[in-house]
Amino acid sequence: MKRVRALLLAAVPVLVTASVYLLAPEDAGAEGAGPDLSAAYRSQAAQDAKGAEGAKAWAERSEGAGSAEVQEVLAGLPAGLDAPAEKELAQQLVASAENSTLDWRSAYSYIEDIGDGQGYTAGIIGFCTGTNDLLTLVEGYTKAHPDNGLAKYVPALRAVDGTDSHEGLDPGFTAAWKAEAEVPAFRKAQDTARDRVYFAPAVRLAKLDGLGPLGQFVYYDAMVFHGPGTGPTGFYGLRARALEKSDSPTEGGSEKAYLDTFLDLREDAMRTRDPDIDTTRVDTAQRRFLDEGNLDLRTPLEWQVYGETYKMP
């Protein structure tokens, strides 16, 4: 992936220090997208992050020299889902689909095999023994807390990674997970992993694409469900395909039209997993907010997932 060019940054200091922004066209009611990036920063960063691999590399920069470029690109934008109240709302919306509750903190101890071929699904964001994220979480936690109750399962987690096998995990792993979930340090580890792998990259890319709070949530929920993959049904692959079909607000397109395209592609991807899959987390939640023109994700909200109705005052 091309880096945001140092020459470009040196050539346009006046644009940054003076905060002179060229605004992308806005949909009616999309005030939350607000004053944006300078044209030079935005166009270069968006070009760097347009493909799936480039987007993943850009969005996941969290430390080192690269992170300074990311922060430079995003500086001055409205907080969006990064604001504490909006982030809390995003976790509640995801929890309604992932755990059938608005009390997302109740899911730290959750663990079961839901029969989707990914082994055990666990925790606040559905970490899976078959998709590497649960292994990465436990390895990092064990490095910081070697005597934790999950440490003895690390060899088995490595062995079953990429499969739906429980070998070496049964019968004690689920009980050990639930017990460890009572430990504040493990809860914090789950929060950190969620933000590093799912929340922060999704929100960064949504802001780069000129999306307001609803669009940021659309990206985040897709990242949770489809995972941070670059293939055609992974989040980064879906975004790349959406950008091929529709211009993002950063590219001068309509925010609503772009999100419609993204959600269409997402539903198709969901059906590749199961033709009869329930898509209400999109149809009667995100699509409902979009059809109502609620690009700022303002409360009160009402939505349905899997036959249940949820409300946020």
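Every heavy atom of this structure was used, including side-chain atoms; hydrogens, water molecules and symmetry mates were not. Residues: numbered from 1 along the sequence shown.
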Stepwise side chain to side chain donor-acceptor pair (under 3.5 Å) test for Y141 and E180: CA-CA 11 Å; Y141 179 63; E180 202 65 28; 2.7 Å; yes
Side-chain H-bond candidate by donor/acceptor type, W303 with T284, under 3.5 Å: no
Basic-acidic side-chain contact under 4.0 Å: R158, E139: yes
Any donor-acceptor pair under 3.5 Å from S96 side chain to L93 backbone: yes
D195: salt bridge (Lys or Arg N to Asp or Glu O under 4.0 Å) partners, not counting sequence neighbours: K87
Atom pair CG/CD of L205 and E60 - distance to nearest 0.5 Å: 9.5 Å
Q216 versus L211, closest heavy-atom pair with distance: NE2-O, 3.1 Å
Cationic N near anionic O, under 4.0 Å, D291 to R287: no
Q286 and D221 side chains, donor-acceptor separation under 3.5 Å: yes
Worked check of salt bridge (charged side-chain N to carboxylate O under 4.0 Å, His left out) between D191 and R187: CA-CA 6 Å; D191 292 343; R187 293 188 172 205; over 6 Å; no
Side-chain donor/acceptor of T230 to backbone N/O of E53, under 3.5 Å: no
Over all atoms of both residues, closest heavy-atom pair of F262 and V218: CD2-CG1, 3.6 Å
Side chain proximity check, F217 to V203, heavy atoms < 4.5 angstrom: no
Closest non-hydrogen atom pair, H226 against A269: CE1-CB, 3.8 Å
Test salt bridge (charged side-chain N to carboxylate O under 4.0 Å, His left out) applied to R281 and E98, step by step: CA-CA 9 Å; R281 70 191 292 158; E98 289 289 312; 3.0 Å; yes
From CG (D274) to CG (D116), nearest 0.5 Å: 10.5 Å
Side chain to side chain contact (heavy atoms under 4.5 Å, CB included) between Y258 and E251, intermediate numbers included: CA-CA 10 Å; Y258 173 75; E251 298 171 313; over 6 Å; no
OG1 on T272 to CD on E267, rounded to 0.5 Å: 12.5 Å
Row check, F225 ring normal vs R273 NZ/CZ: under 6.0 Å, within 45°: yes
Validation row: L290, L263 side chains within 4.5 angstrom (heavy atoms): yes
Gap between atom OG of S165 and atom CG of D170 - 0.5 Å precision: 8.5 Å
Centroid-centroid distance, F186 to W177, less than 6.0 Å: yes
Donor-acceptor contact present, side-chain T101 to main-chain D103, <3.5 Å: yes
Rounded distance (nearest 0.5 Å) linking atom CG of L297 with atom CZ of F289: 6.0 Å
Salt bridge (charged side-chain N to carboxylate O under 4.0 Å, His left out) assessment of D209 paired with R239: CA-CA 10 Å; D209 290 340; R239 174 182 172 273; 2.8 Å; yes
I111 with V183, same ILVMFWY side-chain cluster at under 4.5 Å: yes
pair L208-T250: side-chain heavy atoms closer than 4.5 Å: no
Short side-chain to backbone donor-acceptor contact, D296 and R298, under 3.5 Å: no
Derivation of the salt bridge (charged side-chain N to carboxylate O under 4.0 Å, His left out) call for D147 and K152: CA-CA 9 Å; D147 297 326; K152 66 181 180 181; over 6 Å; no
Check: K143 side chain, V138 main-chain N or O, donor-acceptor pair, under 3.5 Å: no
Please list every donor-acceptor pair under 3.5 Å in which a side-chain atom of residues 305-313 meets a protein atom from a residue at least two apart or in another chain.
none

Sub-4.5 Å side-chain heavy-atom contact between C128 and T121: yes
Donor-acceptor pair, side chain of Q190 and main chain of Y108, under 3.5 angstrom: yes
Within one Ile-Leu-Val-Met-Phe-Trp-Tyr cluster: Y110 and W104, side-chain cutoff 4.5 Å: no
M270 with I114, same ILVMFWY side-chain cluster at under 4.5 Å: no
Y220 ring center within less than 6.0 Å of Y198 ring center: no
Within-4.5 Å side-chain heavy-atom neighbours: Y120 and D164: no
For the student: nearest non-hydrogen atoms of I124 and N99, plus distance: O-OD1, 4.3 Å
Stepwise side chain to side chain contact (heavy atoms under 4.5 Å, CB included) test for L89 and T299: CA-CA 9 Å; L89 175 61; T299 54; 4.2 Å; yes
Under 3.5 Å: donor-acceptor pair, side chain of D161, backbone of N132: yes
Main-chain N/O of E88 paired with Q91 side-chain donor or acceptor, under 3.5 Å: no
Lys/Arg-Asp/Glu bridge criterion (N-O < 4.0 Å) met for K245, D264: no
Sub-4.5 Å side-chain heavy-atom contact between V160 and H166: no
Backbone N/O of H145 and side chain of N148: donor-acceptor pair under 3.5 Å: yes
Smallest separation among heavy atoms of A193 and L137, with atom names: CB-CD1, 4.0 Å
Geometric class of the F235/Y219 ring pair [parallel <30°, tilted 30-60°, perpendicular >60°]: perpendicular
Verdict with reasoning, D133 to T131, per side chain to side chain donor-acceptor pair (under 3.5 Å): CA-CA 6 Å; D133 57 352; T131 60; 2.9 Å; yes
Expected output: side-chain R288 to main-chain E302 donor-acceptor under 3.5 Å: yes
CD on E255 to CG on D247, rounded to 0.5 Å: 13.5 Å
Minimum-distance pair of heavy atoms, taken over all atoms of D278 and T280: OD1-OG1, 2.6 Å
